[in-house]
Engineer: 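One structure, as C-alpha cells, below. Some questions next.
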Amino acid sequence: MNIILLGPPGAGKGTQARRLVAGRDMIQLSTGDMLREARTSGTEMGKRVADVMDRGELVTDEIVIGLIREKLTSGDSKGGYIFDGFPRTLAQADALGNLMSELNEVLDAVIEMRVDDDALVARITARSTCASCGEVYNDVTKPIPADGKCSNCGGTEFTRRADDNEESLRTRLLAYYKQTSPLIGYYYAKGDLKSVDGLAEIDAVASDIQDALG
Ligand code: ADP
Ligand code: ZN
C-alpha cells in the first residue's frame, strides 16, 4: 500500500506516519526530514536550501523530486510508502505519478488531515522532538516525561526546529494554501482522496486513518 498524508504544517502527518511505520511495516518518506538531514550533514544541497527552509518557503521541485526518486529507486518497498510532506506542488504530484508508473507501483490513497489554523499555530509553537529517535512532543498535549527521558528511546536531548516560529509559520501556511492545497482537488478528481479530522486525539486520528485505508 502506498499513501500520501496531505495537510498543512502541524497537521500531524509525521506523528501518524510513524504510527503507520510501526503498525504496518511501511516506509516513511518525509522530504522535510531528508532536507534537514542534508543540512545536518552539511552537504552542498543542504547548504543551498537552509535559508529557504528557515524562511518557510518551498525548496525547488527539482531538489525534492530528486530526493524522492533516489529513495524509490533504491531498496525494497516493504509494506509500502507513506509520503509525508511530499508532494507539495502540482509539479511534484505529476512527477510522483510518473515515478510510480515507471516502477509499476500504485498510489492507493491520499489522506487529507484537516486542522484549523489556530490549532496549527498553537501546536507548532509548542512542538519539540527527541534528538535521537525523532519522537514528537508537545508542551501542552504531550509533554516530555517528568524524568526528562524520551518515552520511546530514553534519550535526554530535545530540539526545536528553526522554522517553528510564528513568522516562518505564517510563510509556511501561505505556501500551503497557495501551492499545496490545490492537490486536494487534484486527488479528489482522481478519486483517491479521503479526509480525516486532524484535530481529534492522536489515537482517534490513527484509527480514522486505519478505517480510511480499509
Ligand atoms: P512542515 O512541518 O511545515 O510540514 P516539513 O518538515 O515537511 O514541514 O518541511 C519543512 C520545510 O522543508 C518546508 O517548509 C520546505 O521549506 C521544505 N520542504 C519539505 N518538503 C518539501 C517539498 N515537498 N517541496 C518543497 N519544499 C519542501
Ligand atoms: Zn527518543
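When a ligand or atom number is given, it counts from 1 through the structure's own listing order.
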Engineer: Is the number of heavy atoms from other residues, nucleotides or ligands within 6.0 Å of CD (Gln210) greater than 12?
Structural biologist: yes
Engineer: Return the closest protein heavy atom for atom 12 (O) of ligand 1 as residue, atom name and distance.
Structural biologist: Met53 CE, 3.4 Å
Engineer: Between Asp163 and ligand 1, is there a nitrogen or oxygen pair with a distance under 3.5 Å?
Structural biologist: no
Engineer: Got more than 12 heavy atoms from elsewhere within 6.0 Å of OH, Tyr188?
Structural biologist: no
Engineer: Do other residues, nucleotides or ligands put more than 12 heavy atoms under 6.0 Å from Glu167 CD?
Structural biologist: no
Engineer: Looking only at distances, can you tell me whether any N or O atom of Arg161, backbone or side chain, sits closer than 3.5 Å to an N or O atom of ligand 1?
Structural biologist: yes
Engineer: Is it possible for you to say whether Ile4 and Met26 belong to one hydrophobic cluster, with membership spreading through side-chain heavy-atom contacts below 4.5 Å?
Structural biologist: no
Engineer: List the closest protein heavy-atom neighbour of atom 25 (C) of ligand 1: residue, atom name, distance to the nearest 0.1 Å.
Structural biologist: Val59 O, 3.3 Å
Engineer: Consider ligand 1: state whether an atom of it lies below 4.0 angstrom from any non-hydrogen atom of Arg127.
Structural biologist: yes
Engineer: With a 4.0 Å cut-off on heavy atoms, does Met34 reach ligand 1?
Structural biologist: no
Engineer: Taking the six-membered ring of Tyr186 as reference, does the cationic atom of Lys190 (NZ for Lys, CZ for Arg) lie under 6.0 Å from its centre and within 45° of its axis?
Structural biologist: yes
Engineer: Less than 4.0 Å between a side-chain N and a carboxylate O, is that true for Glu57 and Arg172?
Structural biologist: no
Engineer: Does the pair Asp117/Arg170 count as a salt bridge with the N-to-O cut at 4.0 Å?
Structural biologist: no
Engineer: Out of Glu57, Arg39, Arg55, whose heavy atom is nearest to atom 15 (C) of ligand 1?
Structural biologist: Glu57
Engineer: Could you tell me whether Glu112 and Lys13 make a salt bridge, using a distance below 4.0 angstrom between a side-chain N and a carboxylate O?
Structural biologist: no
Engineer: Considering only heavy atoms, does Leu58 approach ligand 1 within less than 4.0 Å through its side chain, its backbone, both, or neither?
Structural biologist: both
Engineer: To the nearest 10 degrees, could you say what angle the Zn ion (ligand 2) makes with SG of Cys133 and SG of Cys130?
Structural biologist: 110°
Engineer: So is Lys13 touching ligand 1 or not, going by heavy atoms under 4.0 Å?
Structural biologist: yes
Engineer: How about Arg114: does its CZ atom have over 12 heavy atoms from other parts shown lying under 6.0 Å from it?
Structural biologist: no
Engineer: From atom 13 (C) of ligand 1, work out which of Arg88, Arg172, Gln179, Gln92 has a heavy atom at the shortest distance.
Structural biologist: Arg88
Engineer: Nearest to atom 20 (N) of ligand 1, what protein heavy atom do you find, and at what distance?
Structural biologist: Thr31 OG1, 2.7 Å
Engineer: Using a 4.0 Å cut-off to any heavy atom of Gly85, which atoms of ligand 1 qualify?
Structural biologist: 20 (N), 21 (C), 22 (C), 23 (N)
Engineer: Please calculate the SG(Cys150)-the Zn ion (ligand 2)-SG(Cys153) angle and round it to 10 degrees.
Structural biologist: 110°
Engineer: How far is atom 18 (N) of ligand 1 from its nearest protein heavy atom, and which residue and atom is that?
Structural biologist: Leu35 CD1, 3.4 Å
Engineer: Is any side-chain N of the basic residue among Glu37 and Arg39 closer than 4.0 Å to the acidic one's carboxylate O?
Structural biologist: no
